[in-house]
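Quick note on labels: first sequence line is chain A, next is B, and so on, each numbered from 1.
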Protein chains: 2
Amino acid sequence: MPYGEHMDAREKILEAATALLAEAPVADVSTRAVCEAAGVGAPMLYRLFGDKAGLLAAVVDRGFERYLASKRAARPGDDPVADLKKGWDNHTRFALEHPNHYRLMYSPGLTVPPASAQEAHALLHAILERCAAAGRLTVPPALATQVIMSANVGAALSLLTRPEQYPDPRFSERLRDAVIGSLTRPADPADATDAPASDGQAPVPVAAATLAARLRAEVPPTFTAAESALLQQWLEKLSADQGVSGRRR
Amino acid sequence: MPYGEHMDAREKILEAATALLAEAPVADVSTRAVCEAAGVGAPMLYRLFGDKAGLLAAVVDRGFERYLASKRAARPGDDPVADLKKGWDNHTRFALEHPNHYRLMYSPGLTVPPASAQEAHALLHAILERCAAAGRLTVPPALATQVIMSANVGAALSLLTRPEQYPDPRFSERLRDAVIGSLTRPADPADATDAPASDGQAPVPVAAATLAARLRAEVPPTFTAAESALLQQWLEKLSADQGVSGRRR
DNA sequence: GTTCAACTCGTATCGACGATAACACAGATT
DNA sequence: AATCTGTGTTATCGTCGATACGAGTTGAAC
């Protein structure tokens with residue numbers, strides 16, 4: 001009964017603030033609007049949360065709590081590295097679905113980092129501990145946590161705040177695989193060689209990217225502008241088609 | 001130009017805002033403090049910058065401009081991948097030396113992304129074009145730009161906003177090497193498939209021939225037969241175009 | 001030299017905000 | 001009944017971003 005007659009004042013305020021924040025054009029709300037929407041006076045808000053930053057931190061924690069609940073519900077699978085990738089995708093998806101909540105966590109004025117950020121850090125650390133226990137990690141878990149978390153935050157924030165500069169959602173997966181791949185080793189004990197044996201042949205995307213860059217720097221005179229444009233388009237497609245590079249097939 | 005007096009006031013305001021922002025405990029300044037420090041009235045500020053966001057954007061652009069100037073001054077070295085790493089470290093160092101300026105770029109309320117962000121993106125893209133031209137890249141330069149930039153931003157912001165969670169400065173280098181290493185391939189001159197030219201760059205005919213050979217062995221499914229035929233025809237023409245071999249640019 | 005117009009700049013001000021003081025009220029405890 | 005505690009309301013303060021208005025200032029025309 002979300003709209004019950006008598007809800008806890010704290011809950012009403014949090015609910016109103018969450019709703020207002022979700023529809024706000026920018027990641028900010030005024031305490032007055034929250035109080036009016038919640039039907040309470042201003043002093044009530046400050047008694048409960050002490051400060052506007054406290055209110056925002058509580059809102060962030062509350063929103064993140066649901067995300068963490070769904071993440072905790074996901075039982076650890078047999079492959080901890082696969083859990084890593086799922087965690088990355090969940091993190092990114094949550095940021096895109098709740099942009100204002102996510103941006104609040106990295107907004108200035110938030111003196112103390114929300115507790116949810118530390119809990120997310122701890123959850124990621126736990127997964128990496130399992131990876132280390134399985135012998136899949138090539139660096140200490142604490143270091144791997146910092147690397148993965150910061151890269152994930154960067155990808156999410158870039159997608160949120162510069163959508164026109166990051167139109168390709170595949171770049172998140174690419175960054176994810178690059179980061180995780182460099183911190184882990186494959187599970188197969190037979191493939192103990194950490195150096196991926198290259199067959200010596202440049203794969204199609206590499207060759208296409210190389211040619212495309214060379215052509216961009218030096219336009220061959222025997223091609224018309226239209227032909228060059230179409231060729232560049234095809235090379236772009238060839239470079240992007242096959243996902244992972246030659247590393248670790 | 002009849003803007004002599006205006007330029008002076010504009011410069012004074014920018015200087016005062018920069019100084020105040022550098023010493024501010026949080027990444028924000030009040031227009032009143034800026035006006036008082038600059039010795040001008042409030043209407044002058046709004047006449048010159050239109051808005052507080054406009055003022056902050058101008059301040060950010062001004063501060064970033066000096067950073068970009070030092071980056072432009074660094075002439076490209078012989079190894080473009082080494083330039084990539086230097087660019088990463090410069091980016092991170094700038095963020096740590098000017099935390100408030102850096103946080104402003106990703107602060108909410110900044111409606112339009114500062115022009116300096118786009119210029120930084122373009123500069124990174126230029127370096128990656130050179131990497132691609134040297135055959136060192138395994139993905140298209142545009143995608144590599146997004147991956148590297150977002151990871152770098154994430155590392156810098158994590159160091160700035162969560163210093164207690166990221167006490168280990170080595171994690172930035174680790175992330176840097178992981179990301180760059182996954183997007184580039186080592187400069188191995190002893191590659192059997194394609195003999196690189198003396199200047200280390202694969203000329204257009206060689207790159208075209210390599211790609212043609214790879215495509216003949218492995219037809220990409222996203223191309224129709226007619227498209228593949230035309231592409232092969234063009235690649236043959238490029239492979240036979242021995243005469244050019246000009247210096248790039 | 002006087003007058004007028006255009007422009008510049010500072011004072012005063014507005015509305016909104018974050019935050020707080022003071023007071024009024026209900027129910028529980030003694 | 002008297003007191004205490006937690007709650008809710010009104011009024012208010014100081015600051016902020018932004019602007020209207022009029023007092024200077026310049027330059028040129030008469």
Side-chain angles (χ1 to χ4, degrees), chain A residues 3-61 100 103-104 107-112 114, chain B residues 1-61 100 103-104 107-112 114:
Chain A
Y3 289 83
E5 306 294 331
H6 186 46
M7 211 182 340
D8 197 355
R10 182 183 176 90
E11 206 62 22
K12 280 201 304 185
I13 292 179
L14 283 178
E15 202 71 33
T18 302
L20 287 179
L21 183 64
E23 300 165 1
V26 296
D28 193 22
V29 285
S30 68
T31 60
R32 284 179 145 83
V34 171
C35 289
E36 188 171 359
V40 301
M44 192 71 220
L45 188 151
Y46 289 93
R47 268 199 285 267
L48 290 175
F49 302 97
D51 197 353
K52 180 180 182 178
L55 167 67
L56 295 183
V59 169
V60 167
D61 277 352
N100 287 340
R103 293 196 64 175
L104 261 192
S107 165
L110 217 54
T111 61
V112 52
Chain B
M1 272 208 191
Y3 296 108
E5 199 65 21
H6 287 219
M7 279 299 186
D8 203 6
R10 182 184 176 92
E11 207 61 24
K12 280 200 304 183
I13 291 179
L14 283 178
E15 202 70 34
T18 301
L20 286 179
L21 182 65
E23 300 165 0
V26 297
D28 193 21
V29 286
S30 69
T31 59
R32 285 179 144 82
V34 171
C35 290
E36 188 173 358
V40 300
M44 182 59 41
L45 188 150
Y46 288 94
R47 275 176 169 274
L48 291 174
F49 301 98
D51 198 353
K52 180 180 182 178
L55 167 67
L56 294 183
V59 169
V60 167
D61 277 352
N100 287 339
R103 292 197 64 174
L104 262 192
S107 165
L110 219 53
T111 61
V112 53

Where each residue is assigned the nucleotide of DNA chain C containing its nearest heavy atom, which of A:Lys52 and B:Arg47 is assigned the position nearer the 5′ end?
B:Arg47
Option passing side-chain contact (heavy atoms from CB on, under 4.5 Å) with B:Phe49 (candidates B:Val59, B:Thr31, B:Val34, B:Leu14):
B:Leu14
Among the nucleotides D:dG17, D:dG8, C:dA19, whichever has the atom closest to the side chain of B:Ser30 is D:dG17
Nearest to the side chain of B:Asp51, which nucleotide is it out of D:dA18, C:dT20, C:dG18?
D:dA18
For A:Asp28, is there an ion pair with A:Lys52 - N to carboxylate O distance below 4.0 angstrom?
yes
Measuring from atom CG of B:Leu55 to atom CG of B:Leu48, what distance do you get when rounded to the nearest 0.5 angstrom?
9.5 Å
Residue B:Pro43, side-chain atoms from C-beta onward, closest of C:dG10, D:dC16, D:dT7
C:dG10
Mind checking if A:Val29 touches a base, just sugar-phosphate, or nothing, with heavy atoms under 4.0 Å?
sugar-phosphate
Output the rounded distance in Å from CG (A:Asp28) to C1' (D:dC16).
13 Å
Distance in angstrom units between A:Leu55 CG and C:dA19 C1', rounded
13 Å
Between C1' of D:dT15 and CZ of A:Arg32, the distance in whole Å
12 Å
Tell me which one of B:Thr18, B:Leu104, B:Leu20 satisfies side-chain contact (heavy atoms from CB on, under 4.5 Å) with B:Val29.
B:Leu20
Would you kindly give the CG-to-C1' distance between B:Leu48 and D:dT19, to the nearest whole Å?
15 Å
Length of the line joining B:Glu36:CD and C:dC9:C1', which is rounded to integer Å
17 Å
Do you know which two heavy atoms are closest between A:Ala58 and A:Arg10, and how far apart they sit?
CB-NH2, 4.4 Å
Whole-Å distance, A:Ile13 CD1 to D:dT7 P, equals 11 Å
I need the CG-P distance between B:Leu45 and C:dG10, as an integer number of Å.
12 Å
Taking the side chain of A:Tyr46 as its heavy atoms from C-beta onward, which of C:dG18, D:dG17, C:dC9 lies nearest to it?
C:dG18
Between D:dA11 (P) and A:Met44 (CE): distance, integer Å:
20 Å
